[in-house]
Amino acid sequence: MRIGYPCINRTIGCNANKTFRLKSYSEDRLKKTIKNNLDCLERILTFNRENNIFFFRITSDLVPFASHPINRFNWKKHFKEKFVKIGEYIAKNRMRISMHPDQFTLINSVRTDIFERARKELQYHADILNLMNLDTSAKIQIHVGGVYGDKRRSIRRFLSRFKKLDSSIKNRLVIENDDRLYSLNDCLEINAEVEIPVLFDYFHNKLNFEIQMRGNYLENTFKTWNSKTDGLPMADYSSQEVNGMRQKHSETINVKDFCIFLEETKPFDLDIMLEIKDKEKSAIKALNSAIKDVRVFSFLQTTSSGI
DNA sequence: ATCGGTCAAGGGGCA
DNA sequence: TGCCCCTTGACCGAT
């Protein structure tokens with residue numbers, strides 16, 4: 001079991017997700033921003049290594065406007081060596097990487113132009129992971145998409161569009177249950193048709209839980225991951241602000257709640273992404289609270305970390 | 001130097 | 001149909 005956090009580190013004082021307005025686009029600006037972001041990514045990974053954090057989500061803003069038509073700069077070639085170097089560090093330290101394209105990336109849109117843009121955006125995410133030479137356990141997670149007034153048809157459209165994707169995307173893509181539209185059940189139904197792992201989102205599942213979901217849904221979800229090619233199942237963990245509105249993520253982790261989650265998932269090994277505002281601070285807290293869990297302990301022993 | 005409206009992109013829900 | 005929400009930070013123009 002690895003424990004990680006997404007995109008931003010608030011401790012070390014650099015941003016790997018620096019971007020700028022489309023209006024101020026220039027190739028020079030783009031180059032400087034990418035360089036800044038890659039340098040910062042290296043620093044974050046070093047910080048993570050020093051703190052026994054072996055799971056990290058790389059921001060989609062690493063290369064701003066990567067799939068936008070305005071961008072004609074060959075950033076892949078220009079920064080190739082840097083990507084290779086970062087990838088070597090990740091592999092050497094047995095780190096796990098994920099990415100999460102944002103809400104505009106819709107495979108199952110009724111509009112084909114939106115699907116085509118989504119395909120380009122997914123290709124950009126796959127390119128990043130490929131440039132780093134990461135194996136296919138480095139995943140790109142998305143939601144199923146919109147319902148468009150007919151869920152059955154929208155699921156079928158997802159399936160047919162998925163089949164059309166390039167294999168470099170397909171072998172990294174995983175679907176995540178969301179809080180309103182597509183439940184864990186829906187994701188499992190899609191998995192029954194095509195081989196796409198289902199990423200378990202604990203908080204979304206609490207908000208969008210189907211009462212007819214019987215049997216061991218955790219087991220059914222985790223077994224959608226092929227241990228040889230996909231690695232351990234990934235799960236997103238977040239919790240609600242005590243007095244907050246629905247969906248509001250909490251400021252820092254509630255260790256007691258997290259331990260309940262660890263208990264619930266006990267028979268299964270997995271990698272956990274903590275979607276919590278104070279990022280690395282909560283990841284370190286969670287790690288400390290789970291240090292006696294055999295899943296965490298045994299992983300750390302394999303990494304020559306000085307625990 | 002500080003403030004805050006707005007940012008590439010979509011979809012759902014509501015008035 | 002038009003406006004707000006989603007998550008969220010931070011860019012950058014206005015002052």
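Bear in mind that the values here come from a model prediction, so they are computed numbers and not experimental data. By convention in this document, chain letters (A, B, ...) are assigned in the order of the sequence lines, proteins followed by strands, and residues within each chain are numbered from 1. Note that these values count all heavy atoms, side chains included, but never hydrogens, waters or copies made by symmetry.
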Within the structure, does a side-chain N or O atom of [X] lie under 4.0 Å from either OP1 or OP2 of [N]?
| X | N | result |
| --- | --- | --- |
| A:S109 | B:dG11 | yes |
| A:N15 | C:dG9 | no |
| A:S24 | C:dC12 | yes |
| A:R21 | B:dA8 | no |

For a quick check under 3.5 Å, do [X] and [Y] share a side-chain donor-acceptor pair by atom type?
| X | Y | result |
| --- | --- | --- |
| A:T33 | A:N36 | no |
| A:N185 | A:S183 | no |
| A:K285 | A:T252 | yes |
| A:R172 | A:N130 | yes |

From the set [options], return the single nucleotide nearest to any side-chain atom of [X].
| X | options | result |
| --- | --- | --- |
| A:K277 | B:dG11, C:dT8, B:dG12 | C:dT8 |
| A:L106 | B:dG11, B:dG12, B:dA8 | B:dG11 |
| A:K18 | B:dG11, B:dA8, C:dC11 | C:dC11 |
| A:E121 | B:dG13, C:dG9, B:dA9 | B:dA9 |

For [X] and [N], give me the distance from atom [atom1] to atom [atom2], rounded to whole Å.
| X | N | atom1 | atom2 | value |
| --- | --- | --- | --- | --- |
| A:K32 | C:dC11 | NZ | C1' | 17 Å |
| A:R29 | C:dA10 | CZ | P | 15 Å |
| A:N71 | B:dA9 | CG | C1' | 15 Å |
| A:K120 | B:dA9 | NZ | P | 16 Å |
| A:Q103 | B:dA8 | CD | P | 14 Å |
| A:F20 | C:dC12 | CZ | P | 8 Å |
| A:R157 | B:dG10 | CZ | C1' | 13 Å |
| A:Y25 | C:dC11 | OH | P | 18 Å |

Pick base, sugar-phosphate or nothing for [X], based on heavy-atom distances below 4.0 Å to the nucleic acid.
| X | value |
| --- | --- |
| A:D102 | base |
| A:I70 | nothing |
| A:T105 | nothing |
| A:F65 | base |

Between [M] and [N], how far apart are the [atom1] atoms? Round to whole Å, please.
| N | M | atom1 | value |
| --- | --- | --- | --- |
| B:dG5 | C:dC5 | P | 13 Å |
| B:dA8 | C:dC11 | C1' | 14 Å |
| B:dA1 | C:dT8 | C1' | 24 Å |
| B:dC3 | C:dT7 | C1' | 22 Å |

Looking at A:E42, is its backbone amide N or carbonyl O close enough to the side chain of A:T46 to form a donor-acceptor pair, meaning the two atoms are under 3.5 Å apart?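 Side chain of A:T46 to backbone of A:E42, a donor-acceptor pair under 3.5 Å: yes, one is there.
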Taking the side chain from A:R2 and the backbone from A:R94, do they hold a donor-acceptor pair closer than 3.5 Å?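 Yes; at least one donor-acceptor contact below 3.5 Å.
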Identity of whatever pairs with C:dA14 - Watson-Crick or G-U, under 3.5 angstrom: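 Result: B:dT2.
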Who does B:dA15 pair with, Watson-Crick or G-U, both distances under 3.5 Å?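 WC or wobble partner is C:dT1.
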